[in-house]
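Inspection log for the structure reproduced underneath, given as structure tokens.
Side chains included, hydrogens not; waters and symmetry mates left out as well; all remaining heavy atoms used. Just so you know, these numbers come straight off a predicted model, no measurement behind them.
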Amino acid sequence: MNNKLRLHGFNNLTKSLSFNIYDICYTKTEKERQEYIEYIDELYSAERLTKILTDVVDIIGANILNVARQDYEPQGASVTILVAEHETPPAEELMEENPGPLRDTVVAHLDKSHVTVHTYPESHPHGGISTFRADIDVSTCGLISPLKALNYLIHSFDSDIVTVDYRVRGFTRDVDGVKHYIDHNINSIQKYLTEDTRNAYQMIDVNVYQENTFHTKMLLKDFELDNYLFGEGVKTMDTAERQDVEAKLRKEMLEIFYSRNMP
């Protein structure tokens with residue numbers, strides 16, 4: 001779509017990015033499970049998550065109006081940031097279908113919007129698998145797409161599985177009164193990821209173009225067992241145990257990736 005589109009009044013389109021990451025770990029004992037949860041809680045505390053979301057606000061070019069954050073007991077954290085518009089419209093390159101910056105500040109035209117994150121550490125004694133999930137939502141009104149923050153978010157978390165949803169809702173009118181249900185070109189969320197990220201993950205797109213709804217699932221290709229152990233590592237395992245643990249981890253990852261239980 002033409003980026004020079006002349007609108008009647010404000011751009012009323014709402015663009016929403018939902019970004020979910022999963023980290024998987026094998027925790028054989030109750031002590032290891034507790035240590036993993038404590039490690040995750042420290043790594044992704046409300047304070048650090050606030051820093052990440054503040055960088056996201058810079059990337060999408062907004063002003064922070066309010067920050068609410070909370071660490072929970074026994075685990076987990078949430079952060080919500082209310083943001084407001086800048087008066088300066090974005091540069092044309094920020095409307096293009098390509099990855100956004102990692103930390104640079106950009107300027108955009110945004111109405112009151114929000115950025116949120118919630119974390120969900122989880123473990124179960126059966127099978128020895130622990131997981132961590134972070135849900136991030138970036139919702140904007142105006143010209144720029146929140147997808148420009150995706151590249152930075154991917155690099156801010158250690159993610160085994162990633163699911164991304166992007167939807168443009170509502171409509172805006174041009175000066176002739178014609179409704180426009182999207183104001184930028186998009187074929188795939190993958191276009192907003194850097195080449196190294198695309199090479200690191202197996203990806204599947206599920207898009208409904210006529211509804212301006214886009215979905216991408218990502219599964220990390222590289223599998224090094226030591227990266228998934230919380231404790232003394234592979235050196236303490238015999239061959240049979242290594243194979244058993246690897247099979248459990250791979251099953252967990254595939255079940256989350258495909259959103260279904262497997263035998």
Side-chain angles (χ1 to χ4, degrees), residues 18-45 48-49 52 72 74-77 117-136 150-165 188-190 192-207 215-263:
S18 295
F19 167 85
N20 306 80
I21 72 103
Y22 296 85
D23 179 83
I24 313 299
C25 187
Y26 180 73
T27 50
K28 183 177 181 180
T29 66
E30 179 59 35
K31 180 175 181 291
E32 289 179 356
R33 285 191 287 273
Q34 186 58 41
E35 288 176 347
Y36 173 74
I37 295 298
E38 292 174 357
Y39 163 77
I40 286 295
D41 259 9
E42 181 178 353
L43 183 62
Y44 298 114
S45 65
R48 179 164 184 261
L49 293 172
I52 292 173
Y72 298 110
Q75 68 259 339
V117 60
H118 305 283
T119 67
Y120 305 89
E122 180 267 350
S123 65
H124 194 279
H126 178 67
I129 302 295
S130 293
T131 64
F132 164 74
R133 185 176 103 242
D135 294 351
I136 300 176
L150 181 59
N151 192 45
Y152 170 71
L153 288 170
I154 291 284
H155 285 79
S156 297
F157 295 88
D158 294 324
S159 310
D160 298 310
I161 301 119
V162 182
T163 63
V164 187
D165 292 284
S188 171
I189 293 172
Q190 296 186 37
Y192 290 86
L193 301 175
T194 53
E195 184 177 1
D196 64 319
T197 301
R198 293 197 302 270
N199 290 336
Y201 288 87
Q202 171 188 339
M203 297 190 188
I204 296 176
D205 278 357
V206 183
N207 300 326
H215 177 73
T216 296
K217 298 193 289 187
M218 306 165 58
L219 176 66
L220 192 66
K221 294 178 182 177
D222 184 43
F223 187 92
E224 181 64 40
L225 184 56
D226 253 335
N227 295 335
Y228 296 89
L229 302 180
F230 205 83
E232 297 185 16
V234 173
K235 62 183 180 182
T236 64
M237 298 179 173
D238 59 28
T239 301
E241 185 177 10
R242 286 199 302 269
Q243 291 175 344
D244 178 64
V245 171
E246 182 173 333
K248 288 179 178 178
L249 286 165
R250 289 187 178 276
K251 179 184 178 185
E252 181 80 2
M253 294 169 69
L254 288 173
E255 286 185 340
I256 294 173
F257 182 66
Y258 289 110
S259 301
R260 64 174 180 268
N261 295 323
M262 297 182 175

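Legend: side chain to side chain donor-acceptor pair (under 3.5 Å) pairs involving residues 251-263, not counting sequence neighbours: none detected.
Residues Gln202 and Leu220 are not in side-chain contact: their nearest non-hydrogen atoms beyond the backbone lie 4.5 Å or more apart. Side-chain contact between Ile129 and Tyr26 is present, with heavy atoms from C-beta onward closer than 4.5 Å. Proximity of Phe157 to Asp23: side-chain heavy atoms (C-beta onward) are nowhere separated by under 4.5 Å. Thr27 places none of its side-chain heavy atoms less than 4.5 Å from the side chain of Leu229. With contacts defined as side-chain heavy-atom distances shorter than 4.5 Å, the pair His215/Asp205 does not qualify. Put simply, the side chain of Tyr120 does not reach to within 4.5 Å of the side chain of Gln75, judged on heavy atoms. With a 4.5 Å cut-off on side-chain heavy atoms, Met237 and Gln243 do not count as touching.
Salt bridge Glu122/Arg33: absent, no basic N to carboxylate O contact under 4.0 Å. Remark: Glu246 does not engage Arg242 in a salt bridge, criterion side-chain N to carboxylate O under 4.0 Å.
For Ser159, there are no side chain to side chain donor-acceptor pair (under 3.5 Å) partners two or more places apart in sequence or in a different chain. A search for salt bridge (charged side-chain N to carboxylate O under 4.0 Å, His left out) contacts involving Asp158 returns nothing, not counting sequence neighbours.
Ring pair Tyr228/Phe223 is parallel by interplanar angle, where below 30° counts as parallel and above 60° as perpendicular.
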**Request:** List the steps and the verdict of side chain to side chain contact (heavy atoms under 4.5 Å, CB included) for Thr194 and His155.
**Result:** CA-CA 10 Å; Thr194 53; His155 285 79; 3.8 Å; yes

**Request:** Give the C-alpha distance, both sets of side-chain angles, the deciding distance and a yes or no for side chain to side chain contact (heavy atoms under 4.5 Å, CB included) between Val117 and Asp135.
**Result:** CA-CA 5 Å; Val117 60; Asp135 294 351; over 6 Å; no

**Request:** Apply side chain to side chain contact (heavy atoms under 4.5 Å, CB included) to the pair Thr131 and Tyr22, showing each step before the final yes or no.
**Result:** CA-CA 7 Å; Thr131 64; Tyr22 296 85; 5.5 Å; no

**Item:** side chain to side chain contact (heavy atoms under 4.5 Å, CB included) between Ile136 and Leu153, intermediate numbers included
**Value:** CA-CA 9 Å; Ile136 300 176; Leu153 288 170; 3.8 Å; yes

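For the residue pair Ile40 and Pro121, the shortest heavy atom distance occurs at CG2-CG, 4.3 Å. For the residue pair Ser45 and Ala77, the shortest heavy atom distance occurs at C-CB, 4.3 Å. When all heavy atoms of Cys25 and Leu249 are compared, the pair lying nearest together is C-CD2, 4.1 Å.
To the nearest 0.5 Å, the span separating OG1 on Thr216 from CG on Leu193 amounts to 7.5 Å. In this structure, Arg133 CZ and Ile161 CD1 are separated by 12.0 Å, a value rounded to the nearest 0.5 Å. Between the CG atom in Asn20 and the CE atom in Met218 there is a gap of 12.0 Å [rounded to 0.5 Å]. For the atom pair CG of Asp41 and OG1 of Thr119, the computed distance is 6.5 Å after rounding to the nearest 0.5 Å. Considering OH of Tyr39 and OH of Tyr44, their distance stands at 6.5 Å, rounded to 0.5 Å. Leu219 contributes atom CG, which lies 9.0 Å from atom OH of Tyr201 (distance to the nearest 0.5 angstrom).
Surrounding CD of Glu30 are more than 12 heavy atoms belonging to other residues, nucleotides or ligands, all under 6.0 Å away. Lys235 NZ: 12 or fewer foreign heavy atoms inside a 6.0 Å radius.
Between the side chain of Asn199 and the main chain of Glu195, a donor-acceptor pair closer than 3.5 Å is present.
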